[in-house]
2 protein chains.
Amino acid sequence: MVKPTAIKNNIRALRFAADEMTQDALAKEIGVTRQTIIAIEQGRYSPSLEAAFKIALALGVGLEDVFTYAPPASKE
Amino acid sequence: MVKPTAIKNNIRALRFAADEMTQDALAKEIGVTRQTIIAIEQGRYSPSLEAAFKIALALGVGLEDVFTYAPPASKE
DNA sequence: GCTTAATGTATACTATTTTTTACACTGTGC
DNA sequence: GCACAGTGTAAAAAATAGTATACATTAAGC
């Protein structure tokens with residue numbers, strides 16, 4: 001099963017909004033590696049709740065401003 | 001290192017508020033096992049962002065109404 | 001043309017979350 | 001007493017998230 005993450009985020013946009021913060025800077029600020037930021041930005045996997053909270057905190061916005069859950073589209 | 005989850009939740013309270021929903025019912029509704037609900041309720045680990053979103057949805061509240069991040073208390 | 005910063009890709013590895021199965025405990029109804 | 005619902009515990013295995021390292025690409029500055 002593939003399940004390509006039902007969660008979207010606008011970390012990239014918010015990074016630029018937040019004083020042009022680089023992936024590396026963000027990664028360091030929240031205590032993860034750059035790889036993690038890249039993978040999350042690209043939606044390759046959704047972060048842990050903890051990582052998500054830290055990211056929102058670092059970007060100065062609420063959790064739900066960064067990540068949005070796209071429900072699997074029920075058939076209707 | 002132990003890292004006992006910096007995230008708190010009030011799933012249990014919200015379950016009762018939401019029509020006395022049982023752990024089993026909630027688990028089924030969001031597509032995880034009962035074990036997962038128990039572990040999360042007890043704070044044994046924090047869920048994935050996806051699981052967290054589903055739980056909030058099933059309980060009819062916002063993500064940040066269910067889970068709260070307790071920052072590691074900076075020294076001040 | 002060389003260097004550097006920022007981003008992306010890949011792979012192997014570790015850690016954490018989630019599942020599965022199985023059993024224990026408590027309260028309620030019969 | 002026995003059955004059942006709801007909750008809890010435990011441990012192994014599978015799935016997913018995150019790390020570490022190394023290398024490629026692009027744009028900017030010198």
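Residue numbers begin at 1 in each chain, while the letters A, B, ... track the order of the sequences. All values below were derived from every heavy atom in this structure, side-chain atoms included, with hydrogens, water molecules and symmetry-related copies excluded.
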Tell me the interatomic distance from [X], atom [atom1], to [N], atom [atom2], rounded to whole angstroms.
{"X": "A/Ile55", "N": "D/dA17", "atom1": "CD1", "atom2": "P", "answer": "13 Å"}
{"X": "A/Glu41", "N": "C/dA6", "atom1": "CD", "atom2": "C1'", "answer": "11 Å"}
{"X": "B/Ile30", "N": "C/dT18", "atom1": "CD1", "atom2": "P", "answer": "9 Å"}
{"X": "B/Ile37", "N": "C/dT20", "atom1": "CD1", "atom2": "P", "answer": "14 Å"}
{"X": "B/Asn9", "N": "C/dT17", "atom1": "CG", "atom2": "P", "answer": "13 Å"}
{"X": "A/Phe67", "N": "D/dA17", "atom1": "CZ", "atom2": "P", "answer": "12 Å"}
{"X": "B/Lys54", "N": "D/dT16", "atom1": "NZ", "atom2": "P", "answer": "11 Å"}
{"X": "B/Ile38", "N": "C/dA22", "atom1": "CD1", "atom2": "P", "answer": "17 Å"}

Distances for protein N or O near nucleotides 4-6 of chain D N or O, under 3.5 Å:
none

Not counting sequence neighbours, which residues clear side chain to side chain contact (heavy atoms under 4.5 Å, CB included) with B/Arg12? List them please.
B/Arg15, B/Phe16, B/Gln23, B/Glu41
Do the side-chain N or O atoms of A/Arg12 get closer than 4.0 angstrom to the phosphate oxygens (OP1, OP2) of C/dA6?
no
Quick one: is D/dT7 close enough that its OP1 or OP2 comes under 4.0 Å of any side-chain N or O from B/Gln42?
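No, outside the criterion.
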Test item: [X] and [Y] side chains (from C-beta on) under 4.5 Å apart, heavy atoms:
{"X": "A/Val32", "Y": "A/Ile55", "value": "no"}
{"X": "A/Ile11", "Y": "A/Phe67", "value": "yes"}
{"X": "A/Met21", "Y": "A/Glu29", "value": "yes"}
{"X": "B/Ile37", "Y": "B/Ile30", "value": "yes"}
{"X": "A/Thr33", "Y": "A/Gln35", "value": "yes"}
{"X": "B/Lys8", "Y": "B/Tyr69", "value": "no"}
{"X": "A/Thr68", "Y": "A/Ile7", "value": "no"}

Just by distance, do the side chain of B/Asn9 and the backbone of B/Ile40 share a donor-acceptor pair under 3.5 Å?
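Looks like yes, one N/O pair under 3.5 Å.
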Readout for nucleotides 18-25 of chain D: B = base within 4.0 Å of protein heavy atom, S = sugar-phosphate only, - = neither; 5' to 3' it is BBBBB---
